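Down below is the structure, laid out as structure tokens.
Not measured: the values here are computed from a predicted model.
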Protein chains: 2
Amino acid sequence: MLISTKGRYALRVMIDLAEHRTEDFISLKGIAQRQEISEKYLESIIRMLVKARVLESLRGKGGGYKLRKPPEAYTVGSILYLTEESLAPVACLEEGADACAKAAKCRTLPLWQGLDKVIREYLESVTIADLMERGTAGDDYVI
Amino acid sequence: MLISTKGRYALRVMIDLAEHRTEDFISLKGIAQRQEISEKYLESIIRMLVKARVLESLRGKGGGYKLRKPPEAYTVGSILYLTEESLAPVACLEEGADACAKAAKCRTLPLWQGLDKVIREYLESVTIADLMERGTAGDDYVI
DNA sequence: ATTAATTCCTACCTTTCCGCTAGGGTTATA
DNA sequence: TATAACCCTAGCGGAAAGGTAGGAATTAAT
């Protein structure tokens with residue numbers, strides 16, 4: 001498994017905020033209820049999004065969160081990179097992994113690099129706006 | 001991380017056998033030494049390959065393993081599917097996963113299905129023979 | 001001033017999987 | 001008869017996933 005619940009939940013938050021996009025801020029409580037995620041757990045996920053300036057937040061009464069930019073400005077990849085430890089398909093490509101001593105002679109390294117590239121490119125090719133459209137437009141998309 | 005050591009070791013076994021391809025059978029011991037993998041651990045991995053009839057085996061003196069077909073006949077995907085529990089990028093796509101109650105309305109399911117497809121297609125597009133060429137031909141491949 | 005909300009921190013817990021290690025018995029073949 | 005594959009079981013240490021729990025500080029609308 002490549003994508004953890006953290007990443008999936010982060011995407012659901014983004015979609016939720018995109019669908020309820022108004023001038024108002026959306027409270028964590030509301031998102032948690034709609035998405036059926038514990039408030040406490042969601043808090044830790046949303047904090048990452050705020051820190052990365054993906055979301056704007058407002059404290060106090062009437063506070064909450066909103067997207068800083070329109071949904072089409074956020075790729076799925078950009079969100080997942082914030083919440084996932086790593087999206088590398090194998091350990092040796094993870095950030096901070098010790099450079100493998102055998103890398104120069106490795107028969108499989110190019111394979112993993114290629115796989116990594118394919119995954120990145122796909123995740124960068126889809127935006128939050130794309131996710132909104134799918135699933136509402138009559139479910140007639142084909143994968 | 002998507003690919004475990006089991007899968008990576010399986011590929012290294014396939015490459016090793018492809019590179020030492022003769023009429024003779026190659027012993028587990030030899031593979032283990034060259035690849036620096038414990039014999040016991042390797043045994044469990046190779047057993048999967050034999051069971052799936054990817055490898056031919058011979059017992060007794062002079063025994064060991066060899067590829068049944070030429071290296072270009074095996075895709076990386078076909079090998080990984082044997083050793084990996086699952087190559088699904090998210091839990092809900094794993095075989096045997098309970099069908100998600102929200103699947104029909106899920107905003108992200110198509111995303112994961114698309115990602116899954118991209119991964120599968122890539123892994124099916126590379127063969128063991130491809131892995132052999134890379135890394136020997138002067139390291140001038142570009143990813 | 002009060003209330004409602006985010007923010008920030010720490011600590012802990014359970015479960016699952018990974019990557020092995022260890023041991024020993026059985027069977028086939030040169 | 002030595003040598004190899006075959007087959008099974010058991011366990012284990014570490015890491016990560018997926019949370020839960022609780023509290024304290026800050027901010028803003030009313």
When you get a sec, tell me which of [options] is the closest nucleotide to the side chain of [X]?
X: B/E43; options: C/dT7, C/dG19, D/dC7; result: D/dC7
X: B/S38; options: D/dA29, C/dT7, C/dT21; result: C/dT21
X: B/K40; options: C/dG19, D/dT27, C/dG23; result: C/dG23
X: B/R59; options: D/dG19, D/dT26, C/dT27; result: C/dT27
X: A/K61; options: D/dG18, C/dC9, D/dA29; result: D/dA29

Rounded to the nearest Å, what distance is computed from the [atom1] atom of residue [X] to the [atom2] atom of nucleotide [N]?
X: A/L42; N: D/dA21; atom1: CG; atom2: C1'; value: 16 Å
X: B/K29; N: D/dA2; atom1: NZ; atom2: P; value: 15 Å
X: A/K6; N: D/dA16; atom1: NZ; atom2: P; value: 11 Å
X: A/L49; N: C/dT7; atom1: CG; atom2: C1'; value: 15 Å
X: A/R47; N: C/dT10; atom1: CZ; atom2: P; value: 10 Å
X: A/D24; N: C/dA5; atom1: CG; atom2: P; value: 13 Å
X: A/M48; N: D/dG18; atom1: CE; atom2: C1'; value: 12 Å
X: A/L55; N: C/dA5; atom1: CG; atom2: P; value: 18 Å

Examine [N]: is either OP1 or OP2 under 4.0 Å from a nitrogen or oxygen in the side chain of [X]? Give yes or no.
X: B/T5; N: C/dC18; result: no
X: A/Y9; N: D/dG19; result: yes
X: A/Y65; N: C/dA5; result: no

> How long is the span from the CG atom in B/L42 to the CZ atom in B/R12, to the nearest 0.5 Å?
Replying inline: 9.0 Å
> What's the spacing between B/E39 CD and B/I46 CD1 if we round to 0.5 Å?
Replying inline: 10.0 Å
Answer with base, sugar-phosphate or nothing: what part of the nucleic acid does [X] contact at a heavy-atom distance below 4.0 Å?
X: A/F25; answer: nothing
X: A/L58; answer: sugar-phosphate
X: A/S44; answer: nothing

>> So, under a plain 3.5 Å distance rule, would you say the side chain of B/E85 forms a donor-acceptor pair with the base of C/dC17?
In response: no
>> Please compare B/L28 and B/K51 by the position of their nearest nucleotide in DNA chain D and report the one closer to 5'.
In response: B/L28
Between [X] and [Y], what is the shortest heavy-atom contact and its length?
X: A/S125; Y: A/D130; answer: O-OD2, 3.9 Å
X: B/A18; Y: B/M132; answer: CB-SD, 3.3 Å
X: B/L93; Y: B/W112; answer: CD1-O, 3.4 Å

> Got a salt bridge between A/E121 and A/K117, using NZ or NE/NH1/NH2 to carboxylate O under 4.0 Å?
Replying inline: yes
